[in-house]
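Please read these numbers as outputs of a predicted model, since none were measured by experiment.
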Amino acid sequence: MATPITPIPLLKDELDIVIPTIRNLDFLEMWRPFFQPYHLIIVQDGDPSKKIHVPEGFDYELYNRNDINRILGPKASCISFKDSACRCFGFMVSKKKYIFTIDDDCFVAKDPSGEDINALQQHITNLLTPSTPFFFNTLYDPYREGADFVRGYPFSLREGVPTAVSHGLWLNIPDYDAPTQLVKPRERNTRFVDAVLTIPKGTLFPMCGMNLAFDRELIGPAMYFGLMGDGQPIGRYDDMWAGWCMKVICDHLGLGVKTGLPYIWHSKASNPFVNLKKEYKGIYWQEELIPFFQAATLPKECTTVQSCYKELSKQVKAKLGKVDEYFNKLADEMLTWIEAWDELNPSAKLVNGK
């Protein structure tokens with residue numbers, strides 16, 4: 001009997017998996033069939049003297065706060081402490097074209113037929129097929145097998161644009177804010193919606209970093225998760241901040257963002273009272289932040305992600321600085337982040353999204 005041929009994992013040498021954590025990574029055992037061929041970048045948050053256990057057989061590098069300070073020096077101020085925003089340090093030190101990032105309380109979900117979902121493979125499929133941000137296709141992703149563009153869809157737009165970001169979803173514990181957690185403590189997401197869609201140009205969304213992949217070469221410098229956590233007046237807005245900045249830049253450069261599949265199983269609800277303490281300023285501030293990002297425009301001279309991001313930081317300081325002094329500090333660290341990115345990635349080609 002012939003030995004079955006094991007398929008070569010997609011993008012095995014072109015993708016890093018970034019995991020922020022404060023605990024032992026036993027959750028990797030469940031992901032072993034899908035993650036083991038890939039290189040992991042683990043960003044250890046909290047006490048750097050604590051030893052983190054990583055299961056045998058994984059190819060990984062692990063960075064703690066001492067490493068971040070050593071590698072970035074004074075620029076380490078842009079990397080958050082005691083917040084999952086520390087993951088973006090992994091984005092910066094990666095040398096791969098693609099990044100998949102996942103939280104350590106996320107497990108393998110099952111599809112409605114009971115099969116394990118290979119979330120990483122679905123993210124790769126999303127990233128390797130075009131997006132359609134300029135005209136909505138009512139059959140959702142037209143590049144999916146069994147789908148196509150519907151009648152009335154302009155032929156001139158059917159080529160699509162490069163996909164920069166793939167945003168996955170979660171079964172079991174939904175990604176709710178603290179007030180919603182408090183009024184719906186037992187709510188669980190059991191709805192598996194078998195769809196992927198492109199988020200239209202001009203539309204913002206709340207990006208979650210739990211189950212997320214992106215093309216680092218196309219959009220990496222915009223994936224800064226801000227200044228959150230220890231010593232900051234706000235937490236739990238890190239991924240959303242990155243998502244708002246990233247979406248404005250993707251819209252400007254003509255890049256696409258997909259959301260929907262794949263699902264992971266989110267196993268643990270964080271404490272809503274702790275979350276409320278982290279979020280309460282953000283809940284007020286987002287009423288100013290969203291109109292700011294909805295109105296943000298970038299000049300046509302901004303043709304790289306870096307130049308777009310620098311321009312956005314100027315606008316943050318000019319328009320959000322009056323909301324709170326924190327945004328002046330955040331704007332400064334946005335520039336520090338770009339400087340550190342360029343120092344660690346000197347040979348990276350400047351991408352204009354075309």
Tyr263 side chain near Asn189 side chain, heavy-atom distance below 4.5 Å: yes

Asp251 side-chain N/O to Gly202 backbone N/O, donor-acceptor pair under 3.5 Å: yes

Ring center gap for Tyr60 and His39 short of 6.0 angstrom: no

His123 versus Asn211, side-chain donor and acceptor atoms under 3.5 Å: yes

Gap separating the NZ atom of Lys278 from the CG atom of Asp238, nearest 0.5 angstrom: 9.5 Å

Gap separating the CD atom of Gln122 from the CD1 atom of Ile264, nearest 0.5 angstrom: 13.5 Å

Donor-acceptor pair, side chain of Asp141 and main chain of Tyr143, under 3.5 angstrom: yes

Aromatic contact, Trp31 with Phe107 (centres under 6.0 Å): no

Salt bridge flag under 4.0 Å for residues Lys97 and Glu14: no

Nearest heavy atoms of Phe58 and Leu40, plus distance in Å: CD2-CD1, 3.8 Å

Beyond-backbone contact of Cys88 with Met223, side-chain heavy atoms, under 4.5 angstrom: no

Distance-only polar pair, side chains of His266 and Asp105, donor-acceptor under 3.5 Å: yes

Leu255 side, atom CG; Leu218 side, atom CG - distance, nearest 0.5 Å: 5.5 Å

Exam field: side chain His252 to backbone Cys302, donor-acceptor pair closer than 3.5 Å: yes

Salt bridge flag under 4.0 Å for residues Asp16 and Lys95: no

Between Lys258 and Thr129: side-chain donor-acceptor atoms closer than 3.5 Å: yes

Derivation and outcome, side-chain contact (heavy atoms from CB on, under 4.5 Å), residues Phe292 and Trp244: CA-CA 10 Å; Phe292 163 75; Trp244 297 328; over 6 Å; no

Any donor-acceptor N/O pair, Gln36 side chain to Gly57 backbone, under 3.5 Å: yes

From CA spacing to verdict: side-chain contact (heavy atoms from CB on, under 4.5 Å), Leu320, Leu289: CA-CA 8 Å; Leu320 294 179; Leu289 297 181; 3.4 Å; yes

Residues, nucleotides or ligands: over 12 heavy atoms within 6.0 Å of Tyr280 OH: no

Enclosure of Phe136 CZ (heavy-atom neighbours >12, cutoff 6.0 Å): yes

Sub-6.0 Å ring centroid separation between Phe293 and Trp241: yes

Note, Lys281 side chain near Tyr237 side chain (heavy atom, < 4.5 Å): no

Close side-chain approach of Ile199 to Lys247, heavy-atom, < 4.5 Å: yes

Salt bridge (charged side-chain N to carboxylate O under 4.0 Å, His left out) evaluation trace for Arg87 with Asp103: CA-CA 10 Å; Arg87 81 178 77 223; Asp103 285 1; 2.7 Å; yes

Asp194 and Arg144 ion-paired at < 4.0 Å: yes

Verdict with supporting geometry, Val108 and Phe34, side-chain contact (heavy atoms from CB on, under 4.5 Å): CA-CA 10 Å; Val108 178; Phe34 307 127; 4.0 Å; yes

Beyond-backbone contact of Thr132 with Lys201, side-chain heavy atoms, under 4.5 angstrom: no

Verdict with reasoning, Tyr63 to Phe89, per ring-ring contact (aromatic ring centres under 6.0 Å, His included): CA-CA 9 Å; Tyr63 297 93; Phe89 177 76; 5.3 Å; yes

Connected via hydrophobic side-chain network under 4.5 Å: Trp170 and Met30: yes

Sidechain-backbone polar pair: Asp239 side chain, Gly209 backbone, donor-acceptor under 3.5 Å: yes

Distance-only side-chain donor-acceptor flag, Asp104 / Thr21, under 3.5 Å: yes

Neighbour count >12 (heavy atoms, 6.0 Å) for atom NZ, Lys319: no

Main-chain N/O of Gln306 paired with Asp342 side-chain donor or acceptor, under 3.5 Å: no

Student check: side-chain heavy atoms of Arg216 and Ser94 closer than 4.5 Å: yes

ILVMFWY cluster, Val248 and Ile219 together (side-chain gap under 4.5 Å): yes

Side-chain touch Phe225/Met207, heavy atoms, less than 4.5 angstrom: yes

Near-ring test Tyr98/Phe214, centroid separation under 6.0 angstrom: no

CE on Met246 to SG on Cys308, rounded to 0.5 Å: 13.0 Å

Working for side-chain contact (heavy atoms from CB on, under 4.5 Å), residues Ile19 and Ile41: CA-CA 6 Å; Ile19 305 166; Ile41 298 177; over 6 Å; no

Common cluster, Leu120/Met210, ILVMFWY with side-chain heavy-atom separation under 4.5 Å: yes

Exercise: do Ser270 and Asn275 side chains pair donor with acceptor under 3.5 Å: yes

Greater than 12 external heavy atoms within 6.0 Å of Glu288's CD: no

Donor-acceptor pair, side chain of His167 and main chain of Cys208, under 3.5 angstrom: yes

Distance in Å, Ile102 CD1 paired with Ile17 CD1, rounded so as to fall on 0.5 Å steps: 8.0 Å

Nearest-0.5 Å distance that lies between atom CD in Glu333 and atom CD1 in Ile338: 12.5 Å

Test: Lys317 and Asp332 ion pair at under 4.0 Å: yes

Verdict with reasoning, Trp285 to Tyr326, per ring-ring contact (aromatic ring centres under 6.0 Å, His included): CA-CA 11 Å; Trp285 289 345; Tyr326 163 75; 5.6 Å; yes

Any donor-acceptor pair under 3.5 Å from Asn69 side chain to Gly73 backbone: no

For Tyr176, the option from Lys184, Glu187, Gln181 that meets side chain to side chain donor-acceptor pair (under 3.5 Å): Glu187

Main-chain N/O of Asp83 paired with Ser80 side-chain donor or acceptor, under 3.5 Å: no

Same cluster (ILVMFWY, side-chain, under 4.5 Å), Val257 and Leu197: no

Heavy-atom side-chain contact between Lys110 and Ile117 under 4.5 Å: no

Backbone of Cys78 reached by a side-chain donor or acceptor of Thr336 within 3.5 Å: no

Connected via hydrophobic side-chain network under 4.5 Å: Tyr38 and Leu25: yes

Salt-bridge criterion met for Arg70 and Asp67 (N-O under 4.0 Å): yes

Parallel, tilted or perpendicular: rings of Trp337 and Tyr224 (30°, 60°): parallel

